[in-house]
2 protein chains.
Amino acid sequence: MARTRGTVTIRAVAEAAQVSPATVSRFLAGKTVRPELAERVRAVVEELGFRPNVIAQDLAQGRTRTIGVAVPDLENPYFTGILKGIGHEAQSAGYHLLVGDSGIAPELDVWRAVRQRCDGIIICSPYAPDEVLAEAVARLTPAVLVNRCAPAVPAPQVAVDSHSAMLELTGHLMNLGHRRLAYLAGPEQAWSDQERRRALDAARHFGAEVTVVSAGATAEDVVRAVDEALAARPTALLAFNDLVAFAALARLRELGIKVPEDVSVTGFDDIPYARLAVPALTSVRSPQPELGTLAWQVLSSLLAGETPVGFQTISAEVQHRETVAPSPER
Amino acid sequence: MARTRGTVTIRAVAEAAQVSPATVSRFLAGKTVRPELAERVRAVVEELGFRPNVIAQDLAQGRTRTIGVAVPDLENPYFTGILKGIGHEAQSAGYHLLVGDSGIAPELDVWRAVRQRCDGIIICSPYAPDEVLAEAVARLTPAVLVNRCAPAVPAPQVAVDSHSAMLELTGHLMNLGHRRLAYLAGPEQAWSDQERRRALDAARHFGAEVTVVSAGATAEDVVRAVDEALAARPTALLAFNDLVAFAALARLRELGIKVPEDVSVTGFDDIPYARLAVPALTSVRSPQPELGTLAWQVLSSLLAGETPVGFQTISAEVQHRETVAPSPER
DNA sequence: TTGAAAGCGCTAACAA
DNA sequence: TTGTTAGCGCTTTCAA
């Protein structure tokens, strides 16, 4: 059955040091071992270059010290920002990161596969319907959800408060005299999009006239969306995220519409290029690493057998830059 | 010893189906089992909701179906692009991705820790000295190196051919009449930077006057580097990568220097924003996902016991855009 | 403090 | 084709 010939096992160490495997195990675990024995073991471990087989440890201990993270797209800086935050915390705590890209295989399969090899999972799934999520998550515990708010799902959730940020953004625009706003919307299923819409609904109560246009997924979709939005003669364009905003800016330039003189534009997420662009894009800083950190903390407390708060948000800050100016109609 | 009470094991299934555990194992592995038994097992598996414990499988089979990837920074789109490529291939092949961010803990510790829990590792380490790498990698096999060319390191290596791309770029500039070039250099230890410098050396043979200035790591460093480079009155600025290029563009704008009329600028990597920027940045498409794919293929053949080619490159293409124009001195 | 022994849950050689 | 048996390499109870 020797699949791993030549491997130095704990038994080999025990024999060479003339102690029992249990003693070696204890020594390695930092438990009290008589100094002479400890020294013998230490010497043999070094001489033989022994490295414990962590898979065997995992099996024996019923835990893996690994946590899984499922993201929809590894190439999207938004999710890798979250990953960074999780990774930082997890690695400091001696945990490893098993990553699944659910853009590749069916989301549920990815979740299950990832979850099998770790102690808990953090799920970023902006689009899966609540019911699907609820049923899946039940078999995945301990699990933490990122950027969702679905009370029906039996798992703690952490999210960025995009609603407040959007309120602040629209409030600011209205103070600058903007009355006709157009929203280049993201995917309807996304909770984060719903939150932004809610904020726009609020703005309506304060006299804003809001046009909502779906921005779709591709640059061409955005072009179409911008053209459609312009029909309502808005003085400000609010984009679902920075990428949509940039595509919109490109279209406005083509049309000879000046930003911010003729129309103001805002993004969301504050990706790195936002402040490098010309004009620099007014956006909302969405602190992905902090979100990841929070997600880890919640999962961590779950692993410790505690019962963390069911839903937590972190706030996002508006970054005022050059694409917003007073309304030309003021 | 029951650390996992209530778990449905293969033995429980075997008893309920009145067969041996081996039969259940075979059934699950898709080996031939008499139809009646197979059906009984299938039914029980479903009824009990049995899920094999993959950790136990890993131990018994001496493999994990997981590969490790170590990157210097999970938030850097360059590396996550590679990660995407690896993840895509690996997941399709039924492998999982264990990710280590070596920016967090000592690089060697991260490598070791990651390698312990998987069948092989892909290492992205632009800065570690060859000797360090060589020694470390020896204990990490099977391992594959990304974007390095270090013949002394006992592991296959894959890289983007930035040398050829840089040759093409400088050749193009010279054809446009540029003679005084300035290179805003990246980290000297990085092989990719050395490759770019080699190309510039070649350009010298063809009559180029090349100033090399270290661009450092921060935006302020770049400002200083640009100012220093301008002292040589270059007509073209070649940046180590797009981020440096954007920072340089910002500085040139501040100084009232027009791009591309007064000076041409090029980037490297072709990050998404490069083509959205105004003016759109001439850059070099560095296909990270393809690089990741190649890295996986090499590791995969290593896992299969084959001996892959020691060093492979993929080519990068110059993307001609708006920041390059004929030299004003032509 | 130490060692013997019994697991952790699964796979695979072997014999039937 | 099937069951028996012996691992995979480590941890942990238990008794000494």
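When reading the values below, keep in mind they use all heavy atoms of this one structure, side chains included, and skip hydrogens, waters and symmetry mates. As the structure is a prediction and not an experimental result, all values here were calculated from the model. Lettering of chains follows the sequences in order, A, B, ..., and the numbering in each one begins at 1.
- Proximity of A:K31 to the phosphate of D:dT12: a side-chain N or O atom is located under 4.0 Å from OP1 or OP2.
- The nearest whole Å value for the distance from the CD1 atom in A:I55 to the C1' atom in D:dT11 is 15 Å.
- Counting any heavy atom pair closer than 4.0 Å across all strands shown, A:F27 reaches no nucleic acid atom.
- Between the CD atom of B:Q61 and the C1' atom of D:dG7 there is a distance of 13 Å, rounded to whole Å.
- Taking atom CD1 of residue B:I10 and atom C1' of nucleotide C:dC10, one finds them 6 Å apart after rounding to whole Å.
- No donor-acceptor pair under 3.5 Å is formed between the side chain of A:E89 and the backbone N or O of A:Q297.
- When the nucleotides C:dA4, C:dC10, D:dT2 are ranked by their closest atom to the side chain of B:T23, D:dT2 comes out on top.
- Atom-to-atom, CG of A:D58 to C1' of D:dC8 comes out at 14 Å; the value is rounded to the nearest Å.
- No donor-acceptor pair closer than 3.5 Å links the side chain of B:T80 to the backbone N or O of B:L83.
- By the 4.0 Å N-to-carboxylate-O rule, B:R148 lies close enough to B:D130 to be salt-bridged with it.
- In this entry the distance linking CZ of A:R26 with P of D:dC14 reads 14 Å, nearest Å.
- No engagement by A:V54 is indicated, since no non-hydrogen atom pair under 4.0 Å with the nucleic acid exists.
- Remark: side-chain polar atoms of A:T66 are not paired, donor with acceptor, to backbone N or O of A:L97 under 3.5 angstrom.
- One can place CG of A:N53 at 14 Å from C1' of C:dC10, the figure rounded to the nearest angstrom.
- A sub-4.0 Å separation between OP1 or OP2 of D:dT2 and a side-chain N or O of B:R34 is present.
- Taking side-chain N and O atoms only, B:S20 has a distance below 4.0 Å to OP1 or OP2 of D:dG3.
- Remark: the A:R51 side chain and the D:dG9 base include no donor-acceptor N/O pair separated by less than 3.5 Å.
- When distances run from any side-chain atom of B:V33 to the nucleotides D:dT2, C:dG9, C:dG7, the shortest one goes to D:dT2.
- The closest donor-acceptor contact from the side chain of A:R115 to the backbone of A:T141 lies under 3.5 Å.
- Among the nucleotides D:dG3, D:dT12, C:dG9, the one closest to any side-chain atom of A:A22 is D:dT12.
- If you measure from atom CZ of A:R11 to atom P of C:dG7, you get 17 Å, rounded to the nearest angstrom.
- Within the nucleic acid shown, A:V24 has no heavy atom closer than 4.0 Å to any nucleic acid atom.
- As judged by a 4.0 angstrom heavy-atom cut-off over every strand, B:L37 is placed among residues touching the sugar-phosphate backbone only.
- Map B:V19 and A:A29 each onto its nearest nucleotide of DNA chain D; the residue landing nearer the 5' end is B:V19.
- At C:dC10, none of the side-chain N or O atoms of B:S25 fall inside 4.0 Å of OP1 or OP2 (strictly under the cut-off).
- Comment: A:R42 engages A:E46 in a salt bridge, judged by a side-chain N to carboxylate O separation of less than 4.0 angstrom.
- Atoms CG (B:L59) and C1' (D:dA6) sit 14 Å apart, rounded to a whole Å.
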